[in-house]
Asker: 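Quick one: this structure, given as structure tokens, is what I'll be asking you about.
Counting begins at 1 with the first residue of the sequence.
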Amino acid sequence: DTNAMLEEADSLRLADPKKAKQILDDLDRESLGIEEQYTYDYITIYISTFMEQNLGKTIKRYEAFIKRIPDSPAKVRAMTSLLGLSAYKGHWPRSFALVSELTSLMNRIDAHEVEPDAYNGLVLFYNEVEQPDMAISYAQKIFSHPAATSYHQCIALTEQAFNLAISEPAKISDDDFYDAIELCGAVPLPYYVAVNYNNLLDFLIDKQAYTEASLIVSEATKHVEAIDFKYLTASLLLIKAKLKVAASEPEQAKQYALQVLEADADKEYRESLISAYSILANIAAEQQQYEQAYEYEKKHRELSVSLYNQKVTKSLAIQEARFDLQAKESQIDLLDKKNQLLSTESKLVKEQISSMLLVIGLALLVVVMLLFWSYRARKTQKRLHYLASTDHLTGINNRGYFSEKSKAILTNAEKSESSVSLIFIDLDHFKTINDAYGHKVGDWVLVKVVESLKALTAAKGMQIGRVGGEEFGIILPDTDSIAAKDFAEQCRETIQKIDTFDTGSHFQVTASFGIADTGEAGYNLDNLFSAADLALYQSKKYGRNRVCCYQSDKIDL
Ligand SMILES: Nc1nc2c(ncn2[C@@H]2O[C@H](COP(=O)(O)OP(=O)(O)OP(=O)(O)O)[C@@H](O)[C@H]2O)c(=O)[nH]1
């Protein structure tokens with residue numbers, strides 16, 4: 001199973017890099033999933049750190065890898081390893097930038113499984129740059145992290161105890177170190193067990209608990225010797241020397257101090273050396289070996305100055321890197337704020353536009369509604385006018401409106417001194433039709449008569465109206481009674497020809513006509529109406545179905 005092989009290589013990468021490499025070589029990288037390929041590449045670079053012993057090259061590989069791959073857990077791991085190497089190399093600007101990139105990457109993605117590794121990396125980094133508070137805060141993230149193993153917990157406990165001993169010694173006790181020793185022993189991480197013993201001894205000596213310290217020295221020696229790491233050996237020897245000084249055993253103190261010088265012949269761990277020279281100088285002075293004391297004191301001073309310079313250089317570089325990063329971050333912050341401002345502004349503009357559109361929309365709606373209302377009002381007005389002016393049954397003007405129109409025609413005619421004629425038409429024996437065939441047939445006759453009259457009056461400027469139940473009027477502009485009489489005859493004949501077949505009965509429809517013109521009756525409407533009425537009366541009187549004209553002296557038959 002390729003994934004199981006990859007996991008095995010991963011777990012062996014620190015303990016047995018050669019074996020891990022062997023496993024990777026046996027693996028077909030292309031057969032892995034994309035995330036697994038990233039892990040494969042990460043382990044390859046990680047192993048190369050040990051195999052090639054060329055940190056510069058490894059760092060370049062990590063940088064290229066980080067650039068190449070997308071946000072992923074493997075990227076978190078690579079950045080964590082790179083952070084360790086960069087700090088070790090004293091590349092402070094890059095280290096601080098990496099810390100910020102790493103923490104933001106972890107916020108962006110779900111890197112749950114690899115987070116404890118990253119936190120460990122951050123703890124060690126803040127240790128290195130002497131920011132104990134930050135180291136402690138990341139250690140605490142590990143304690144509560146569900147993916148943290150006892151490996152992570154061991155490192156976190158060790159670093160927390162170490163940093164608390166520096167920043168807040170009142171807050172911790174021997175137990176904190178013993179907890180770390182127990183946990184690291186169970187993993188097992190013998191290196192960290194030894195580190196914790198040394199740290200505990202330093203802590204005890206700092207608070208002058210010499211007896212307590214003496215009791216665990218032999219146990220500590222066992223663990224430190226098992227590791228065989230120069231730095232640890234030198235610090236433990238120094239601890240022993242300090243204890244002998246405290247126990248007023250200068251000869252033994254001197255022996256241990258001299259062993260420190262031997263253990264760190266390359267002068268790599270100057271802090272132990274400096275303290276050892278200081279102890280040696282004091283003892284020599286007490287023993288009145290002043291020349292010797294002077295020599296030790298000289299070495300002590302030299303190393304102190306050199307360490308001090310080294311520390312100052314490092315601290316300055318760290319400060320500068322932190323300052324640069326802060327400056328960059330505040331620049332980015334400023335840019336962010338500017339962008340936020342811009343986006344708020346554009347949002348505001350958008351909102352203004354949309355509220356303007358809303359206002360325009362509302363205005364349009366109001367206009368449309370007003371138009372609609374006025375349209376409705378006009379329609380209603382028209383309808384009311386129609387209802388007020390029209391006869392329901394026949395659809396022609398009713399008496400009132402017919403009179404109005406006639407009046408207007410007369411007024412105009414009077415101005416132009418032209419003739420106007422009025423014809424009154426009254427159906428004959430209509431009551432008999434109603435009585436004999438029913439009211440509905442009577443209605444049918446009325447409609448039929450109007451239809452025939454309308455056909456005759458159409459397009460001649462004449463107006464027709466229903467002036468009574470079975471009585472109609474026609475007003476004829478520019479027409480004298482002679483022409484009107486001809487027209488009336490036409491009407492009379494048309495009515496007479498109405499075929500009542502559709503009613504289911506056969507009967508004759510006739511009408512009587514009365515005509516008056518302005519030449520005889522004048523332009524007064526009432527007079528004209530009365531004159532036409534009179535002529536109509538004459539038609540009825542002389543046998544119906546005929547046309548009579550009004551003449552001021554006589555009625556023309
Ligand atoms: N079916 C119907 N009958 C109507 C309508 N309006 C009036 N009438 C009838 O018309 C008849 C008019 O009768 P009269 O005034 O006595 O006149 P006539 O029977 O036509 O006799 P003459 O006019 O003398 O020839 C009445 O019976 C009215 O009820 C209507 O809208 N429909």
Side-chain angles (χ1 to χ4, degrees), residues 381-382 385-386 388-391 394-428 446 449-497 510-542 544-557:
Q381 214 177 10
K382 267 190 177 169
H385 181 258
Y386 176 83
S389 64
T390 310
D391 170 55
T394 59
I396 55 172
N397 293 328
N398 60 20
R399 185 183 177 101
Y401 199 56
F402 177 73
S403 305
E404 222 174 274
K405 281 203 160 169
S406 302
K407 203 171 192 173
I409 287 170
L410 284 170
T411 310
N412 278 335
E414 190 170 19
K415 277 182 203 155
S416 61
E417 292 179 1
S418 58
S419 304
V420 175
S421 290
L422 172 67
I423 307 174
F424 271 170
I425 306 158
D426 190 292
L427 301 187
D428 296 331
L446 289 171
V449 167
V450 167
E451 264 177 24
S452 2
L453 291 177
K454 263 166 90 178
L456 291 168
T457 56
K460 282 182 190 157
M462 303 175 188
Q463 292 290 332
I464 179 167
R466 188 176 177 190
V467 294
E470 23 60 281
E471 198 177 337
F472 305 97
I474 299 173
I475 187 128
L476 306 87
D478 295 318
T479 314
D480 60 14
S481 57
I482 299 164
K485 195 175 177 190
D486 284 347
F487 180 71
E489 277 299 337
Q490 259 182 294
C491 296
R492 192 188 60 78
E493 279 167 25
T494 309
I495 291 170
Q496 193 175 286
K497 282 181 194 156
T510 61
S512 301
F513 294 72
I515 299 172
D517 74 354
T518 46
E520 291 296 330
Y523 292 96
N524 179 283
L525 180 78
D526 290 339
N527 290 349
L528 193 68
F529 268 45
S530 302
D533 223 19
L534 215 56
L536 175 63
Y537 173 73
Q538 292 295 327
S539 286
K540 292 276 181 191
K541 194 173 148 193
Y542 290 105
R544 299 183 169 82
N545 190 21
R546 69 190 58 227
V547 179
C548 279
C549 287
Y550 170 82
Q551 281 176 321
S552 48
D553 44 354
K554 59 181 171 72
I555 298 287
D556 172 39
L557 292 177

Asker: Sequence neighbours excluded, which residues qualify as side-chain hydrogen bond (donor to acceptor under 3.5 Å, both in side chains) partners of D478?
Answerer: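 Per chain and number, D478 pairs via side-chain hydrogen bond (donor to acceptor under 3.5 Å, both in side chains) with S418.
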Asker: Evaluate the side-chain proximity of K405 to N397: yes if any heavy-atom separation is below 4.5 Å, no if none is.
Answerer: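 Yes; the side chains approach each other to less than 4.5 Å.
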Asker: On a heavy-atom basis, which atom in G473 and which in F424 lie closest, and how many Å separate them?
Answerer: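 Closest approach of G473 to F424: CA-CD2, 3.9 Å.
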Asker: Quick check: are there more than 12 heavy atoms from other residues, nucleotides or ligands sitting under 6.0 Å from OH of Y523?
Answerer: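 Count over threshold, so yes.
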Asker: How would you list, by chain and number, every residue that makes a salt bridge (Lys or Arg N to Asp or Glu O under 4.0 Å) with D533, sequence neighbours excluded?
Answerer: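 None.
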Asker: According to salt bridge (Lys or Arg N to Asp or Glu O under 4.0 Å), who are the partners of K407, at least two apart in sequence or on a separate chain?
Answerer: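 Counting only residues at least two positions away or on another chain, K407 forms no salt bridge (Lys or Arg N to Asp or Glu O under 4.0 Å).
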Asker: With a 4.5 Å limit on heavy-atom distance, are the side chains of F472 and L446 in contact?
Answerer: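 When only atoms from C-beta onward are counted, L446 and F472 do touch, with a gap below 4.5 Å.
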Asker: What ring-ring contact (aromatic ring centres under 6.0 Å, His included) pairs are there with at least one residue in residues 396-422, not counting sequence neighbours?
Answerer: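 Qualifying pairs, neighbours excluded: H385-Y401.
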Asker: Would you check if T457 and L476 make a side-chain contact, meaning some heavy-atom pair closer than 4.5 Å?
Answerer: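 Heavy-atom side-chain distance check fails, nothing below 4.5 Å.
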Asker: Grab the two heavy atoms, one from S539 and one from R546, that are nearest each other, plus how far apart they are.
Answerer: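 Taking every non-hydrogen atom into account, OG-O, 3.4 Å.
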Asker: Mark yes when over 12 heavy atoms from residues, nucleotides or ligands other than I482 sit less than 6.0 Å from its CD1; otherwise mark no.
Answerer: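 Result for CD1/I482: open.
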Asker: Between T510 and D428, do the side chains contain a donor N or O and an acceptor N or O under 3.5 Å apart?
Answerer: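 Yes - a donor-acceptor pair under 3.5 Å links their side chains.
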Asker: Rounded to the nearest 0.5 Å, what's the gap from CG on L427 to CG on N545? Could you check?
Answerer: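 If we round to the nearest 0.5 Å, L427:CG and N545:CG are 11.0 Å apart.
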Asker: What pair of heavy atoms forms the shortest contact from L528 to A521, and how long is it?
Answerer: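 Residues L528 and A521, closest heavy atoms: CD1-CB, 3.8 Å.
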Asker: Would a 4.5 Å heavy-atom cut-off, applied to side chains only, mark L456 and I474 as touching?
Answerer: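 No; the side chains remain at least 4.5 Å from each other.
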Asker: Between D426 and S512, is any side-chain donor less than 3.5 angstrom from a side-chain acceptor?
Answerer: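 On atom types as modelled, these side chains do not qualify, holding no pair under 3.5 Å.
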Asker: About how many Å separate SG of C491 and CG of D486, when rounded to the nearest 0.5 Å?
Answerer: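 D486 CG to C491 SG: 11.0 Å, rounded to 0.5 Å.
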Asker: Give the minimum heavy-atom separation between I515 and A488, together with the two atoms involved.
Answerer: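 Distance-wise, the nearest heavy atoms are CD1-CB, 3.6 Å.
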Asker: According to side-chain hydrogen bond (donor to acceptor under 3.5 Å, both in side chains), who are the partners of E489, at least two apart in sequence or on a separate chain?
Answerer: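 Partners of E489 under the side-chain hydrogen bond (donor to acceptor under 3.5 Å, both in side chains) test: R492.
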Asker: Calculate, to the nearest 0.5 Å, the distance between atoms CD1 and CG belonging to I464 and L453 respectively.
Answerer: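 That separation rounds to 4.5 Å.
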Asker: Quick test of your reading: applying salt bridge (Lys or Arg N to Asp or Glu O under 4.0 Å), list the pairs with at least one residue in residues 463-477, sequence neighbours left out, ordered by first then second residue.
Answerer: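 Salt bridge (Lys or Arg N to Asp or Glu O under 4.0 Å) check on residues 463-477 returns D391-R466.
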Asker: Does the side chain of T479 come within less than 4.5 Å of F487's, by heavy atoms?
Answerer: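 The answer is no, as the side chains (C-beta and beyond) never meet within the 4.5 Å cut-off.
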Asker: What heavy-atom pair brings A511 and I425 nearest, and what distance separates the two atoms?
Answerer: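 Residues A511 and I425, closest heavy atoms: CB-CG2, 3.6 Å.
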Asker: Closest approach of V420 and A413, non-hydrogen atoms and distance?
Answerer: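 Looks like CG2-CB, 3.3 Å.
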Asker: For S421, does its backbone N or O pair with a side-chain atom of D480 as donor and acceptor, under 3.5 Å?
Answerer: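 No.
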Asker: Say whether, by atom type as modelled, one donor and one acceptor occur between the side chain of S452 and the main chain of I495 under 3.5 angstrom.
Answerer: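 No: the side chain of S452 does not pair with the backbone of I495.
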